[in-house]
Amino acid sequence: MARTRIKHLLDGSVAVGTDVVVHGWVRSRRDSKAGLSFVQVYDGSCFDPIQVVAPGALANYADEVQRLTTGCSVVCRGELVASQGKGQSVEVKATEIEVLGWVAEPDTYPVQPKRHTMEFLRENAHLRPRTNTFGAVARVRNCLSQATHRFFHERGFYWVPTPIITASDCEGAGEMFRVSTLDMVNLPRNEAGGIDYDKDFFGREAFLTVSGQLSVETHCCALGDVYTFGPTFRAENSNTTRHLSEFWMIEPEIAFADLNDDADLAEDYLRYLFQAVLNEHGDDMDFFDAHVQPGVRARLESFCESSFERMTYTEAVAALEKAEAKFEFPVSWGMDLQSEHERWLTETHAKRPVVVMNYPKDIKAFYMRMNDDGKTVAAMDVLAPGIGEIIGGSQREERLEVLDARLAEMGLEPEPYWWYRDLRKYGTVPHAGFGLGFERALMYATGISNIRDAIPFPRAPRSADF
RNA sequence: UCCUCGGUAGCUCAAUGGUAGAGCAUUCGGCUGUUAACCGAAGGGUUGUAGGUUCGAGCCCUACCCGAGGAGCCA
C-alpha cells in the first residue's frame with residue numbers, strides 16, 4: 001500500500017475508515033494501563049504529528065512497541081478513525097507497527113521531547129531538522145523559495161544564474177574568499193617576487209561571488225526583467241545575529257525603470273512572499289507565534305496589509321534630528337544611518353516598513369545613478385521593524401560619462417569594468433534593481449532571532465562545522 | 001575586530017572558598033484512552049583547557065578555547 005503523508009490524514013483529504021500506512025519518526029510514546037500505547041508520529045509533511053494507537057494485542061507490543069523512544073523510525077499500518085480522546089480529531093488505530101530503525105543509546109540522544117536552547121541545537125545541526133522549530137523553519141524556507149520563483153515567473157522575469165566563482169575583482173561589495181588550486185606551502189612566484197597567478201587554475205585570481213548584480217545587469221539589458229537567486233559569500237569578520245559568510249540572495253533587475261519602479265517591485269515582492277507563508281503554513285506560523293516570537297503572525301499580516309512608508313534620506317535625517325530618542329551616534333546629513341537610527345525610523349517613527357531613498361553619493365557605490373542635485377544618488381534601503389535593513393537597491397547609472405566620472409572620483413580604474421561599461425556604450429537603458437538577503441526575509445517571517453538558525457548549515461567566522 | 005555576559009549530569013539550571021544537587025531525558029516498577037500524561041525508584045560528574053593562590057577551588061587570579069548578546073561592516 002502506498003505511503004500516506006500525515007498532512008493528508010490531518011487535513012481531511014483522507015476519509016475516516018480508510019486503511020492507511022504512515023511512515024515516520026516517533027516524537028513521543030505514552031503507555032496506558034489499559035494495555036495500549038499512544039505513539040506520536042511525525043513525517044515532516046506538516047507541523048502536527050498523528051497519534052497512532054497501538055493496542056496491546058500487537059504481536060510485537062511488549063518487546064518492541066513499549067520500547068519505542070523519541071526518534072525511532074516506524075511504519076504504521078492501520079485504519080484512520082475518529083479519536084476517542086481530546087486534542088486530535090483523528091488517529092490511526094494500528095494493526096501493525098514495524099520498527100525500521102531504533103535509537104541507539106536513547107539516554108544520550110540529543111533530541112528530546114522538551115525545549116532545547118538554539119545554541120545546543122546549532123551544535124547538532126545534523127539532528128536539529130527533527131525538532132518542531134527547525135522542521136517549521138525548513139518548510140517556511142521552502143515556501144519562500146517557491147514563492148520567489150512563482151512571483152517573478154508570473155511577472156515575466158527570467159531567472160539568470162550568475163557565476164558563483166568569479167574572476168572579476170570589481171564587485172566591490174566586501175571581502176572575498178579566494179578560490180585557488182595553488183599549493184599554499186609552495187607558491188609559484190613571478191619575476192617581481194609576487195605570487196604567479198598565471199599558474200593558478202583559471203590563469204588569474206578567482207574568488208567566490210559577493211553579488212550577482214553586475215553580471216545580471218548584462219541580461220537585464222537584453223531580456224528586460226531578470227533576477228538571480230543563489231548563494232553569495234562574504235569573508236568579512238562579522239559576528240552578529242544578522243550576518244553569514246555564506247547566504248542566499250535574490251537580486252531582481254528591471255529595465256526601462258527608475259527608483260520608484262524599483263521600490264514598487266520590492267514592496268509587491270515582499271508582500272507576496274509573506275502572504276504565501278500565511279496562506280500555506282498556518283500551522284507552522286501558529287507555532288512561531290506561540291513559542292518563538294509572540295506577535296509574529298500579526299506582524300506579517302499587518303506587513304501584507306499596509307503600504308510602506310517612503311521618505312528621502314534628507315527627510316529621514318530631519319526626522320531623526322527632531323526625535324526625542326537619545327542616540328549613541330549623533331545624526332547629521334551626509335553620515336550613514338546606524339542600526340539604532342534605522343530601527344527608530346521603522347519601529348518608532350513609521351511603525352511599519354520604510355523605504356529610505358536618495359542617499360548622499362559619498363556613502364554609496366559607484367554604479368548608483370547620480371541625481372540632478374549632484375549630491376545624492378538614486379539608492380534605496382527597505383527597513384523592516386524588528387530586523388533592520390532587509391533590502392538594498394538602486395537605479396543604476398546608465399550614462400557612460402557619468403559612470404566614468406564616478407569611477408574616477410572613487411579612485412577606481414575603468415579597465416576592469418570594461419564589459420560593464422559596454423552595457424552603457426551599446427544601447428543603454430535606465431534600469432534598477434535590489435538585493436534581498438533571503439535568510440533575513442526568513443527571520444522576519446518566522447521570528448527566528450539568529451540568522452544562523454535560518455539556514456541549515458550556517459557558515460560564519462571560525463564556524464564551518466557540518 | 002571591539003565591549004559585556006557565560007561554560008557544572010544527555011538537556012535546562014542550582015550550589016557563603018569547606019561532603020557537587022534538582023527538573024526533564026534514560027532504565028525499572030506502578031497507574032481505567034493518554035495529550036510535553038501522572039506517581040515511585042535507580043543509574044548517570046576529570047565542574048571548557050592549562051597553570052597559579054590556598055590547609056582546602058565549581059567558586060579567587062592569569063592565559064587560552066568555545067558560546068551568547070550588543071557595536072562596526074552589510075544583505
Side-chain angles (χ1 to χ4, degrees), chain A residues 27-40 48-56 66-67 69-71 81-88 91 93 103-124 127 131-132 172-175 210-213 231-251 266 291 328-329 336-340 342-343 363-365 381-384 387-393 434-444 449-455 460-463 465:
Chain A
R27 175 137 285 147
S28 69
R29 186 198 87 233
R30 293 182 294 273
D31 299 328
S32 164
K33 194 234 177 176
L36 70 163
S37 295
F38 301 93
V39 185
Q40 298 288 340
D48 287 316
I50 186 132
Q51 173 159 285
V52 175
V53 182
Q66 286 198 299
R67 286 175 47 226
T69 55
T70 302
V81 299
S83 179
Q84 295 175 32
K86 294 169 186 162
Q88 61 281 318
E91 62 194 20
K93 190 177 174 185
V103 167
E105 301 163 47
D107 52 331
T108 56
Y109 179 54
V111 182
Q112 296 168 5
K114 60 170 286 191
R115 219 184 161 98
H116 293 97
T117 60
M118 299 299 263
E119 300 85 69
F120 172 71
L121 293 171
R122 216 168 286 148
E123 289 164 7
N124 291 275
L127 301 175
T131 63
N132 282 334
E175 292 294 311
V210 294
S211 165
Q213 181 204 313
T232 309
F233 307 86
R234 302 275 166 93
E236 248 122 41
N237 190 13
S238 324
N239 295 288
T240 79
T241 53
R242 324 182 282 292
H243 291 86
L244 289 166
S245 306
E246 176 181 318
F247 63 99
W248 285 60
M249 193 150 63
I250 292 145
E251 296 172 288
H291 297 290
E328 187 185 345
F329 296 90
D336 210 353
L337 299 180
Q338 306 292 315
S339 296
E340 57 175 345
E342 296 182 342
R343 224 176 295 127
I363 57 171
K364 289 293 180 182
D381 283 350
V382 179
L383 313 177
I387 202 127
E389 185 182 339
I390 192 169
I391 278 179
F434 63 79
L436 168 79
F438 187 62
E439 283 77 15
R440 289 189 182 174
L442 184 56
M443 289 170 77
Y444 191 80
S449 59
N450 190 319
I451 200 167
R452 298 182 189 198
D453 302 320
I455 190 167
R462 307 200 60 77
S463 175
D465 300 327

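Numbers restart at 1 for each chain; the letters A, B, ... are given by sequence-line order, proteins then strands.
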Exercise for review: Evaluate the criterion side chain to side chain donor-acceptor pair (under 3.5 Å) for residue pair A:Asn239 and A:Arg462; output intermediate values, then yes/no.
Suggested key: CA-CA 10 Å; A:Asn239 295 288; A:Arg462 307 200 60 77; over 6 Å; no
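Side-chain proximity of A:Phe329 to B:U35, B:C73, B:G72: nearest is B:G72. Taking the side chain of A:Pro106 as heavy atoms from C-beta on, and the options B:G72, B:U27, B:U35, the nearest nucleotide is B:U27. Comparing B:U27, B:A68, B:G72 against the side chain of A:Ser339 picks out B:G72 as the nearest. When distances are taken from the side chain of A:Asp336 to each of B:G67, B:C74, B:G70, the shortest belongs to B:C74.
Proximity of A:Gln84 to A:Lys93: side-chain heavy atoms (C-beta onward) are nowhere separated by under 4.5 Å.
Going from atom CZ of A:Phe247 over to atom C1' of B:C74 covers 8 Å, rounded to whole Å. Atoms CG (A:Asp31) and P (B:U26) sit 11 Å apart, rounded to a whole Å. Taking atom CD of A:Glu236 as the reference point, atom P of B:A71 lies 17 Å away to the nearest angstrom. Spacing between atom CZ of A:Arg29 and atom P of B:U34 amounts to 17 Å, rounded to whole angstrom units. Between A:Lys364 atom NZ and B:C73 atom P there is a gap of 11 Å when expressed in whole angstrom units. Taking atom CD of A:Glu342 as the reference point, atom P of B:C74 lies 10 Å away to the nearest angstrom. Atom pair A:Leu36:CG and B:U32:P shows a separation of 13 Å (rounding to whole Å applied). The CZ atom of A:Arg30 sits 8 Å away from the C1' atom of B:A36 (whole-angstrom rounding).
In this structure, A:Arg242 has no salt bridge (Lys or Arg N to Asp or Glu O under 4.0 Å) partners at least two apart in sequence or on a different chain. For A:Gln88, the side chain to side chain donor-acceptor pair (under 3.5 Å) test picks out A:Ser83, with sequence neighbours left out. Evaluation of the salt bridge (Lys or Arg N to Asp or Glu O under 4.0 Å) rule for A:Asp381 yields A:Lys364 as partners, not counting sequence neighbours. Judged as a ring-ring contact (aromatic ring centres under 6.0 Å, His included), and not counting sequence neighbours, the contacts of A:His116 are A:Phe120. Under the salt bridge (Lys or Arg N to Asp or Glu O under 4.0 Å) criterion, A:Glu91 pairs with no residue, sequence neighbours left out. Scored by the side chain to side chain donor-acceptor pair (under 3.5 Å) test, A:Asn124 finds no partners at all (sequence neighbours excluded). The salt bridge (Lys or Arg N to Asp or Glu O under 4.0 Å) check on A:Arg122 picks up A:Asp453, with sequence neighbours excluded. Under the rule for a ring-ring contact (aromatic ring centres under 6.0 Å, His included), the partners of A:Phe438 that lie at least two apart in sequence or sit in another chain are A:Phe229.
Among the heavy atoms of the strands lying under 4.0 Å from A:Glu91 is at least one base atom, whether or not backbone atoms are also near. At the heavy-atom level, A:Thr241 lies under 4.0 Å from the strands shown only through sugar-phosphate atoms. Residue-level contact check: A:Arg122 touches the backbone only, with heavy atoms under 4.0 Å from sugar-phosphate atoms and none from bases. Residue A:Thr70 is classed as having no contact, given no heavy-atom separation below 4.0 Å to the nucleic acid. A:Glu340 comes within contact range of no nucleotide atom at all, as no heavy-atom separation falls under 4.0 Å. Contacts of A:Gly85 with the nucleic acid, taken as non-hydrogen atoms under 4.0 Å apart, include base atoms. Contact annotation for A:Ile390: backbone-only contact, meaning every heavy-atom pair under 4.0 Å involves sugar-phosphate atoms and none involves a base.
Using C1' as the reference atom, B:A15 and B:A63 are 27 Å apart when rounded to the nearest Å. With P as the reference atom, B:U4 and B:U62 are 13 Å apart, rounded to whole Å. Annotation: B:A50 and B:U35 have their C1' atoms spaced 50 Å apart (nearest Å). Going from the P atom of B:C39 to that of B:A71 covers 44 Å, rounded to whole Å. Here, B:C31 and B:C66 have their C1' atoms 45 Å apart, quoted to the whole Å. Taking atom P on both nucleotides, B:G45 is separated from B:G70 by 37 Å, rounded to a whole Å. Here, B:A42 and B:G23 have their P atoms 11 Å apart, quoted to the whole Å. For the P atoms, the distance from B:G6 to B:C74 is 32 Å, rounded to whole Å.
Here the shortest heavy-atom pairing between A:Ala454 and A:Leu442 reads O-CD2, 3.2 Å. For the residue pair A:Pro106 and A:Thr69, the shortest heavy atom distance occurs at CB-OG1, 3.8 Å. The heavy-atom pair separating A:Val210 from A:Thr232 by the smallest distance is O-CG2, 3.0 Å. Contact between A:Trp248 and A:Glu439 at its shortest, heavy atoms only, is N-OE1, 3.0 Å. Between A:Thr131 and A:Val111, the shortest heavy-atom contact is CG2-CG1, 4.1 Å.
Evaluation of atom-type donor-acceptor distances gives no pair under 3.5 Å for the side chain of A:Glu105 against the base of B:U26.
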**Study point:** Base-contact (B) and sugar-phosphate-only (S) positions in nucleotides 10-15 of chain B, heavy-atom cut-off under 4.0 Å, - elsewhere
**Key:** BBS---
Exercise for review: Encode nucleotides 45-50 of chain B as B, S and - characters from 5' to 3', where the letter depends on protein heavy atoms closer than 4.0 Å: B to the base, S only to sugar-phosphate, - to neither.
Suggested key: ------
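Each of A:Asp465 and A:Met249 was assigned the nucleotide of RNA chain B with the nearest heavy atom; the assignment lying further toward the 5' end belongs to A:Asp465. Nearest-nucleotide positions on RNA chain B place A:Gln84 closer to the 5' end than the other of A:Gln84 and A:Ser28.
A donor-acceptor contact closer than 3.5 angstrom links the side chains of A:Glu251 and A:Ser211.
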Under 3.5 Å, which N/O atoms of the protein pair with N/O atoms of nucleotides 1-4 of chain B?
from	atom 1	to	atom 2	distance (Å)
B:U1	OP1	A:Asn237	ND2	2.8
B:U1	O4	A:Asn239	N	3.4
B:U1	O4	A:Asn239	ND2	2.9

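Judged by distance alone, the side chain of A:Glu236 and the main-chain N or O of A:Glu175 form a donor-acceptor pair under 3.5 Å.
Helical stems in RNA chain B, defined as runs of 3 or more consecutive Watson-Crick or G-U wobble pairs with donor-acceptor distances under 3.5 Å: B:1-7 with B:65-71, B:10-13 with B:21-24, B:26-30 with B:38-42, B:48-52 with B:60-64.
For B:A25, neither phosphate oxygen OP1 nor OP2 lies less than 4.0 angstrom from any side-chain nitrogen or oxygen of A:Arg27. A:Gln338 has a side-chain polar atom (N or O) that falls below the 4.0 Å cut-off from OP1 or OP2 of B:G72.
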